[in-house]
Structure formats: C-alpha cells, structure tokens
Amino acid sequence: MARTGPTSMARRTLLWLGALIIVCIVAVGAGVISGAASWAPKLGLDLEGGTQMILEPKVEGNGSVSADQLNQAVSIIRQRVDGSGVSESQISTQSGRNVVVQMPGAPTDEQRALITASANMNFRPVIVSSEAAAGAVPVAQRTPAAKLPKPTAKPTNASDPNWVDAAVMKKYEATSCVAPTTPPDTNADPAKPMVACEADSGFKYILGPVEIPGKWIQTASYGLQTGAQGATTNQWQVALTLVKPQGADAFKTVTQRLYAKYVANPNDPQARFAIVLDGNVVSAPASQAVITDGQSSITGNFTEASAKTLADQLKFGALPISFTIQSDEQISATLGLQQLEMGLLAGLIGLGLVVIYSLFQYRALGFVTILSLVIAGGLTYLAIILLGWSENYRLSLAGVAGIIVSIGQTADSFIVYFERVRDELRDGRGLVAAVDNGWMRAKRTILASKAVNILASVVLYFVSVGNVKGFAFTLGLTAVADLIVVFMFTHPTLLLLARTRFFGEGHHFSGLDPVQLGAVPLYRGAGRFRSPEDTLAVAKGKNARAAGEAERRQTIAERRLAAKEAEMVGSRGAGAKKSEPSDDSKEAK
C-alpha cells in the first residue's frame, strides 16, 4: 500500500523536483554534446554584439517612400524578427528612408530571407489554367498574331475571359513553369491580370485582378487538417481569418460567383481562386462553398516547416514596400562584458545581504532560504539555456537586472511562509501543526503575490519593445521558478524538518524556538488551559518585542479578536476589584 502521509508526500515532491532538474540538465547536456547548445547562455546585442543590416526600399523611378510606409515596414519587420525567435533586436529607421536591423549573433539565411521578403499576398481568380506542368510553348507553335485573343467587351468581373488579350496570351505562352522556370512577376499590377506558376505542381495560370489583398488577412495559423469524421489527417494546412467587414464581405462575394461556376461544372478552371505569394501561386483550390464568415484555409502539399513559414509570413502581414540589403556588417557590443560583470557583482551583493539577513533572522531555518535561492537560480539558469537553444533567447543586461530584482521577490515568499509558521508557534501550536496551518495561510498570499508579478511581467512584455522585453521576460520567468521552488522544495523540506529533533523541539538556534517567539502553550498542565491573561503576561515580559511584531502582522479579524480578549481581561480585572473590599472600607466598618 502506498504511503500517503505528509512525510511521504514531502519526500515524493522532493523527488519530483530532483527529477525535473535532472531532466533539464540531461536535455542541456544532450544539446551540448550535439553541438546545438552551450552551457553558457546566449547573450544579447548589448553584451555580445551582432549583425547590422541596412535595408533600402525598392522604389521604381523617382518614387518616394512615405513615413507611414516606413513605420509600417519597421513594425512588420520587428514582428518577423521577434517571431523567428531572436530576442531584443533593434529595428529603426535611418534618415527617413532606410531601415536598420540590428540582431544579436549571426542571422541564418532563413532569417535574412524572412526580413526582406515582401510577402505580397493576395487572392486572384483563375481565368485559364493548364491541367499539367507546363513549360514555355516553343516559338514555332505559339499562336499566330491573327489568332491572338482580341476582347470585344469590357470585363464584367475578375473572372471574365475578356481580361485575356494578345499581350497576356503571349506572356502566358512564353512563361515556363518547369525548369528552367520563368522568374515570378513580384510587382504585378493588382488591377490587371497576370501570368503565374504554381511552384509545387508546375501548373501555369492566367489570373484575374486582385480581389482580396493581403492586408485584409487578420491572422493565420497552421496545423493538421481534420477529416469529415473529425479525425486528424496527416495533411498540413494554413488557416486564414480575414478582417471584417471588408475581407469577409469581399470573400463572400468572390466565393458566391466561383461556387456558382463550380456547381455548373466542377472542372471549370474559373471556379477556382489562386492564392498568390510574391508572384507565385501557393494554391488554387476550387470554391466548394460560399464562405460568409471570413474563415478559410489553404491546403496543398505542405510540410510542417513550409506550412509554418507560410503562416508566419501571412500572420506578420505584407510589407508595404520591398527592401534590398544595402549593407550587412558585424557590430561590436554596445555595453560589453564589463557591464555584465558589474551586474553580476550587484546580484552577488544582493544575494549576500539576503543570506546574512536570513541567517540573522531565522538562524538554521535561514539555510532553507539559501538552498531555495540556489535551486531557484539553477532552474532559471537552465531555463535560459534551454530557451536560448530552442527559441534563440538571448540574455541582455536588462534581463540580468530582472533576475537581480527577483532575488528580493523570491526571498519575500520565504519570509511570508516562515513568519506565518512562527505566528502559529506564538499561538501555542506545535511545530508540525504550525507548519501545516502556516502553509495554508502563506500559500494564498504567495500565490496572489506571484500572480500579480506574472501578470505585470506579461503586460510589460507585450506593450514594450527592445530591452524592456528582456527585463519583463526574466522577471516573469523567475516568478514561475520561485513558485516551483516554494511548492516543491521549501514547503516539503519544512515538513520534514518539523519532524526532526533539532527543529521539532525548538532548539535555540533553529529559528523556531517557542520561548524566543513568546509562545504560550494551549495546555498549561494540571487541567489548566491558556487564558488571555497568560498571553498578555508573556507579551509584557521579555518577549514583548516579538509579541509586538506578531501583532503588527495580524489581520483585521485577528486584531478584533485580540482587542475583544483584552477587553474581557480588563472587565474581569475591574469586576474583581469591585467585589474585593478595600482596606479603607474595612477600617470604616
């Protein structure tokens, strides 16, 4: 039969904490052996330096870039860089024309492509489609000039074949969607038809004008498709949500027209709409329903990586302008390791002061605080390394500041817990009962305090930019580590220590000596229980200071109860004096 007592549960909890630490160490060790991770955390731009790229907008002719376009581009590039896992990069404008991207470390090729990708996403209806992979039509077999299409009427909608004139047909025949492929037209006029290829299938299309621009995409995500029976398939898809009402209304109009064509002839190419990304067709599904709520999905031969890439590009929006990398150079650290050393020294000084205070105030119990701080620090360190490995998280000086600030918050949790236990001892309970009751009272306070810390960190992280994000992140991370340590180490350890002779019998140096704390046992012996007079007597003695400290931490209900007890004691004393005749009265008689 499994043991379920407090001692067994405490030991089991400590084992779980040990297992958690071992798993983290083994995970980091595996990463170090494979060469993908390091025992040292990755440092941010201010401490390690990195790469600076100056992006120049591509403008045709004498065109100019407006401040709004540039600011929008900065915002989108910042989202892309942060979304790729690189933390605390700096993106800003330069001379009102260029965009400067400063990233810690060396960005990968995928990150460079993501930064400069125009991600010009839009929806165009299909007018003409090849039914197989198609290359360029040999010159000798191309349509003679006399037989090239000559529209006799203006197009009535984006799917109208009257968009296909001689110029469009010539381009269609000259385009190759198989190797060697024709470069995509990334700057196609959205108000005119275009010729495009689908990279995966090699299909060739003539597409109508843009009906759904990329800016109407509200969000995008990726995941496995769900079959008609509700079961998850092995096919990846990208889900789209269009903004309301513009995107949803426009999509409803488009799907109504295409769905009517699909009902008349399911194989009609004009029943399909193409999702075009940077001049390439990502997918060209048939509209098999009228979509009225703006919720759609893109299916195709996606892998998990390609689906994630497309979802990220769509989610972070389309750049209003395209950029080229004007310069790409390595930059040195803006602050350097000296500032990091000063920050670590400040942390060690703060930690030393907390240790001294803990040993002075709690004596042997202070070692529990020290061990808890060490474990909390170790968990935070392992988490930073793992995040640096998996999410490319980098520690900046602001992040170090967040860790230093958290030392005081972590110690505060132990102080709340220990003081609750000591209050219970002052109330006359034994140490085992004091630990149980003190934990029940302290747990609520600790949870409320950490919830506020985590909430503040989350809000600060999402509303701030740059280094402030690093401060907010480490502040929230250490709050979570503190909760883990308090629940999985401090409390179980105190449960076990309460059953030892040193702590359980209230040794003078244990920090839990009932005599030093001014405790009055509930049972005074010889059939006599503790009375309010006993408590007041002790409070007025050598333990008045401790009793005063306990009184200051009382809740409102406890203060009222103490005042009532004092009032009762006072009334008893007054009643006793009235019933006992004075010496003067005796003499008068």
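The shortest side-chain heavy-atom distance between Arg272 and Leu258 does not fall under the 4.5 Å cut-off. The shortest side-chain heavy-atom distance between Thr93 and Val100 does not fall under the 4.5 Å cut-off. Glu56 places none of its side-chain heavy atoms less than 4.5 Å from the side chain of Ile54. You'll find the side chain of Ser159 reaches within 4.5 Å of the side chain of Arg257, heavy atoms only. Taking the side chain as every heavy atom from C-beta outward, Val281 and Leu207 approach each other to under 4.5 Å. The closest side-chain heavy-atom distance from Leu447 to Leu483 is below 4.5 Å. Counting only heavy atoms from C-beta outward, the side chains of Leu379 and Ile484 approach each other to under 4.5 Å. Proximity of Asp293 to Leu242: side-chain heavy atoms (C-beta onward) are nowhere separated by under 4.5 Å.
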Is there a side-chain contact (heavy atoms from CB on, under 4.5 Å) between Glu329 and Thr51? Walk through the geometry before answering. CA-CA 6 Å; Glu329 58 184 4; Thr51 304; over 6 Å; no
Could you go through Leu395 and Val400, starting from their C-alpha distance and side-chain angles, then the distance that decides it, and tell me whether this counts as side-chain contact (heavy atoms from CB on, under 4.5 Å)? CA-CA 7 Å; Leu395 184 65; Val400 175; 4.0 Å; yes
Applying side-chain contact (heavy atoms from CB on, under 4.5 Å) to Tyr461 and Val468, what does each step give before you reach the verdict? CA-CA 7 Å; Tyr461 182 84; Val468 182; over 6 Å; no
Start with the C-alpha distance between Ile403 and Leu475, add both sets of side-chain angles, then the distance that settles side-chain contact (heavy atoms from CB on, under 4.5 Å), and finish with yes or no. CA-CA 6 Å; Ile403 295 174; Leu475 198 63; over 6 Å; no
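The backbone N or O of Gln270 sits nowhere less than 3.5 Å from a side-chain atom of Lys261 that would complete a donor-acceptor pair. With hydrogens and angles disregarded, no donor-acceptor distance shorter than 3.5 Å links the side chain of Asp482 to the backbone of Thr478. Remark: side-chain polar atoms of Ser130 are paired, donor with acceptor, to backbone N or O of Lys204 under 3.5 angstrom. Side-chain atoms of Arg394 do not come within 3.5 Å of backbone N or O of Gly44 as any donor-acceptor pair. For Trp216 (side chain) and Ala250 (main-chain N/O), no donor-acceptor pair under 3.5 Å exists by modelled atom type. Between the Lys42 side chain and the Tyr393 main chain, no donor and acceptor come within less than 3.5 Å of each other.
When all heavy atoms are compared, the tightest approach of Pro155 to Asp160 is CA-OD2, 3.4 Å. Considering all non-hydrogen atoms of both residues, Val195 and Val168 come closest at CG2-O, 3.9 Å. The minimum heavy-atom distance linking Arg124 with Pro209 is given by the pair NH1-CA, 3.7 Å. Across all non-hydrogen atoms, the minimal contact from Leu382 to Cys24 is CD1-CB, 3.7 Å. Residue Gly50 comes nearest to Gln330 through the heavy atom pair O-OE1, 3.1 Å, listed as atom of the first residue, atom of the second, then distance. Minimum heavy-atom separation, Phe462 to Lys469: CA-NZ, 4.3 Å.
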Side chains of residues 171-179: which donor-acceptor pairs under 3.5 Å do they make with residues two or more places apart or in other chains?
from: Lys171; atom 1: NZ; to: Asp185; atom 2: OD2; distance (Å): 3.4
from: Glu173; atom 1: OE1; to: Thr143; atom 2: N; distance (Å): 3.2
from: Glu173; atom 1: OE2; to: Thr143; atom 2: N; distance (Å): 3.4
from: Glu173; atom 1: OE2; to: Thr143; atom 2: OG1; distance (Å): 2.5
from: Thr175; atom 1: OG1; to: Lys171; atom 2: O; distance (Å): 2.6
from: Ser176; atom 1: OG; to: Val178; atom 2: N; distance (Å): 3.4
from: Ser176; atom 1: OG; to: Val178; atom 2: O; distance (Å): 2.7
from: Ser176; atom 1: OG; to: Pro180; atom 2: O; distance (Å): 3.3

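Distance CZ/Phe473 to OG/Ser396: 11.0 Å, rounded to 0.5 Å. Atom OG1 of Thr253 is separated from atom CG of Asn157 by 11.5 Å, given to the nearest 0.5 angstrom. Remark: Ile275 CD1 to Ile212 CD1 distance equals 11.0 Å, nearest 0.5 Å. Atom OG of Ser390 and atom CD1 of Ile385 lie 11.5 Å apart (nearest 0.5 Å). Taking OG1 from Thr292 and CG from Asp249, the interatomic distance works out to 10.0 Å, rounded to the nearest 0.5 Å. Atom CE of residue Met53 and atom CD1 of residue Ile91 lie 9.0 Å apart, to the nearest 0.5 angstrom.
With respect to Asp165 and Lys150, no salt bridge is recorded, no charged nitrogen being found less than 4.0 Å from a carboxylate O.
More than 12 heavy atoms of other shown residues, nucleotides or ligands fall within 6.0 angstrom of atom CH2 in Trp39.
Taking the six-membered ring where the residue is Trp, Phe203 and Tyr205 present tilted rings, their angle falling between 30° and 60°.
Applying the ring-ring contact (aromatic ring centres under 6.0 Å, His included) test to Phe251 and every residue at least two apart in sequence or in another chain returns Phe123, Phe273.
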